[in-house]
Amino acid sequence: MPAAVHRGGALAAAALLVGLSATAGCAGNTGARGERTEPQAVGQPPSPPPAPELPSSLTDQELTWRTCPAAPEYGAGGPPQPPEPMPDGTQWRCASMKAPLDYDEPDGTTIDVALVRARSQAEGDERIGSLIFNFGGPGGSGVTTLPVSGADFATLHERYDLVSFDPRGVARTAPVRCLSDRELDAYHQEATVPTNRAEGEEYLDEQTAYARACERNSGGVLPHVRTMDTARDMDLMREVLGDDTLHYFGISYGTELGGVYAHLYPENVGRAVFDAVVDPTLDPAESGLNQTKGFQLALTNFLKACDEDGECPIGDTPAQGEQAIVDLLERLEERPLRTSDPDGRELNASLASAGIALSLYSQDFWQILTEGLQDAMDDDDGTLLLRLSDLLNGRRDDGTYDNSQAALTAISCADAEPRYTLDDVREWLPRFREASPVFGETAAWGLVSCHDWPVEGVWEHPEVSAPGAAPILLIGTTGDPATPYEGAERMAEQLGEEAVVLTYRGEGHGAYNGGDPCVRKEVDAYLLEGDVPEPDAECGGA
């Protein structure tokens, strides 16, 4: 499941969130195109190759910062426009950094990594350096998301340059392209969950067609979008920006990226925060099951809150509400609902599931979810749930899509070595169904999203051990739907003894921008003053 949602609201969600169908990434036991591969030692990621020696043309390059171009995401649904300045008036500036397409050939072809920055006005000892953000996905655009949510980081901007980037394969950085906008509309409209072997084979054929389209349109990029490659881009970025250490704020998948960076460059880790932490110890199947449980927990909490507010229009009890949602999805498998969409799209079960999932990332969406479910159940109107699914799928108001879905698949499949088969799905389905009657079926079939992918993966799970690294602050949220709390504890164990977990007893995916003053106080004190919280520190739960 995808990226972090902040208090930037629907606009940030549109930039960050990607499809439910790729929930667990790529998993299973076969290599690219279904061929068997020789396994590594069970559970052990491959050791990374030595850091490449980069030519001075890359390490000494000077970035040219210009006014950021207008973009639809900055227009809040209106015409494209440049990003709004920071509250203190600082304008956002954009640049591109040259990086090797293939780090094994650092003198070869380069790509342009898109960057965005709000320069701090601090000088002398008050200035700390650059604070680099990754907002998750994989597939989220930092160049879009940081300016949209920049006001949330105004306090950090007092001493840091706020910097983010589009990782390779994403948005403005060597973007992965698979299907056209019209093809994506058809892809989502035709999506169904297989119910028998024949439908399962057809589902795999559709995955093959998708993989072929990605190879046809982006084959030169696909082998070079791994998380390890992006981590190396970040160290080059650190050097080009003039920082001795990398100060970092990673959210959701950004915590996995940060962990891989810390493993590759422990001596270069500065002050780093991991919020909504990915569990690095799980293989893709286990991760998908864990996320399914997390979304079911968030749905249960949503239904309880609906019931506490009075007469819940979805059901008189949480159990009845859940059953009503299950019944709705079953009806939608047979008969999609009309919507007021100008392109004539209908709401099917897959899109409804995506809309429900989007709404569970933040309590800010809960009332909208209630209204959307009520419209669908009582009035046979799927418009609002369709709009919510559009946010998750990266579809803009004008009918165009960002490339977050394609990038998520490309990065996940380039990383993950396992591949699932139909037999694997059949074996896992009972556990997914037990984990969630609402999301389990869809999530289990998401395990074959790397079927026939043209690039082999490299690990079952990422290596994040970072002996000798500076303290890293991890934030785990007890009600997080996409990255359950236990992931923070396990990431801390893998990183090493210097890692510290801050527990936030609350809801949502990502705690820093969730509005809790305690979380902000602890994180700001660490990033601005270097004050590491106590190991058993907690916030929320009032």
Side-chain angles (χ1 to χ4, degrees), residues 1-2 5 9-10 13-14 17-21 23 188-189 191-193 291-341 344-393 395 397 432-433 435-443 446 479-482 507-509:
M1 295 212 183
V5 173
L17 296 177
V18 283
L20 184 63
S21 62
T23 330
H188 292 303
Q189 286 286 288
T192 58
V193 176
Q291 289 177 330
T292 302
K293 294 175 181 177
F295 272 84
Q296 181 61 33
L297 173 62
L299 179 65
T300 300
N301 291 341
F302 156 72
L303 291 170
K304 287 179 179 178
C306 181
D307 186 53
E308 290 171 359
D309 289 341
E311 185 176 341
C312 182
I314 305 169
D316 293 335
T317 67
Q320 289 181 5
E322 179 182 287
Q323 187 58 52
I325 294 173
V326 171
D327 293 343
L328 171 65
L329 295 177
E330 289 178 351
R331 292 199 303 273
L332 292 175
E333 282 287 351
E334 301 296 328
R335 182 177 64 85
L337 288 183
R338 61 175 174 81
T339 73
S340 61
D341 178 68
R345 294 178 303 145
E346 296 180 318
L347 179 76
N348 59 23
S350 176
L351 291 169
S353 293
I356 295 168
L358 175 283
S359 306
L360 298 177
Y361 275 85
S362 170
Q363 285 181 286
D364 293 344
F365 286 94
W366 283 10
Q367 181 57 41
I368 302 173
L369 175 58
T370 301
E371 296 171 7
L373 289 169
Q374 189 175 14
D375 288 349
M377 293 173 181
D378 297 344
D379 301 326
D380 288 337
D381 183 356
T383 302
L384 191 48
L385 287 180
L386 181 65
R387 292 296 300 275
L388 290 170
S389 75
D390 285 347
L391 293 179
L392 197 66
N393 290 326
R395 191 182 194 271
D397 290 343
F432 276 83
R433 287 169 177 156
S436 174
V438 174
F439 302 112
E441 198 93 14
T442 303
D480 192 318
E507 302 295 327
H509 185 52

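This structure is a prediction, so every number in the text was calculated from the model and none was measured.
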For [X] and [Y], work out which heavy atoms get closest and say how close.
| X | Y | value |
| --- | --- | --- |
| L332 | A352 | CD1-CB, 3.6 Å |
| N301 | E507 | ND2-OE2, 3.0 Å |
| L392 | A357 | CD2-CB, 4.4 Å |
| P318 | L303 | O-CD1, 3.5 Å |
| A435 | K293 | CB-CG, 3.7 Å |
| W366 | F302 | O-CE1, 3.5 Å |

Is there a donor-acceptor contact under 3.5 Å from the side chain of [X] to the main chain of [Y]?
| X | Y | result |
| --- | --- | --- |
| N348 | P336 | no |
| Q189 | E346 | yes |
| T317 | Q320 | yes |
| S436 | F432 | no |
| T339 | R345 | yes |

Gap between atom [atom2] of [Y] and atom [atom1] of [X] - 0.5 Å precision:
| X | Y | atom1 | atom2 | value |
| --- | --- | --- | --- | --- |
| I325 | L299 | CD1 | CG | 4.5 Å |
| C306 | K304 | SG | NZ | 13.5 Å |
| D327 | Q323 | CG | CD | 4.5 Å |
| L351 | D390 | CG | CG | 7.5 Å |
| D375 | T370 | CG | OG1 | 10.5 Å |
| L384 | Q374 | CG | CD | 11.0 Å |

* Asked: Could you walk me through whether S353 and L329 pass the side chain to side chain contact (heavy atoms under 4.5 Å, CB included) check?
  -> CA-CA 8 Å; S353 293; L329 295 177; 3.8 Å; yes

* Asked: Any side-chain heavy atom of T292 sitting closer than 4.5 Å to one from Q296?
  ->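 Sidechains of Q296 and T292: no contact.
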
* Under a 4.5 Å cut-off applied to non-hydrogen side-chain atoms, are H188 and S350 in contact? ->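 A side-chain contact is absent here, since even the closest heavy-atom pair is not under 4.5 Å.
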
* **Results of side chain to side chain donor-acceptor pair (under 3.5 Å) for E333 - residues two or more places apart only** =>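 Here no residue qualifies.
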
* **Given L369, L328, L373, D307, the one that forms side-chain contact (heavy atoms from CB on, under 4.5 Å) with I314** =>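 That would be L373; it is the only one of L369, L328, L373, D307 passing the side-chain contact (heavy atoms from CB on, under 4.5 Å) with I314.
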
* Asked: Among D341, D380, L386, whose side-chain contact (heavy atoms from CB on, under 4.5 Å) with L347 holds?
  ->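 Filter result, single survivor: L386.
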
* **Pair T383-D381, side-chain donor/acceptor within less than 3.5 Å** =>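 T383 vs D381: donor-acceptor pair found between side chains.
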
* To do: Show your reasoning for whether side chain to side chain contact (heavy atoms under 4.5 Å, CB included) applies to F439 and I356.
  => CA-CA 9 Å; F439 302 112; I356 295 168; 3.7 Å; yes

* **Non-neighbouring partners of R433 that pass salt bridge (Lys or Arg N to Asp or Glu O under 4.0 Å), sequence neighbours left out** =>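 With sequence neighbours excluded, R433 shows a salt bridge (Lys or Arg N to Asp or Glu O under 4.0 Å) to E441, given in chain and number order.
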
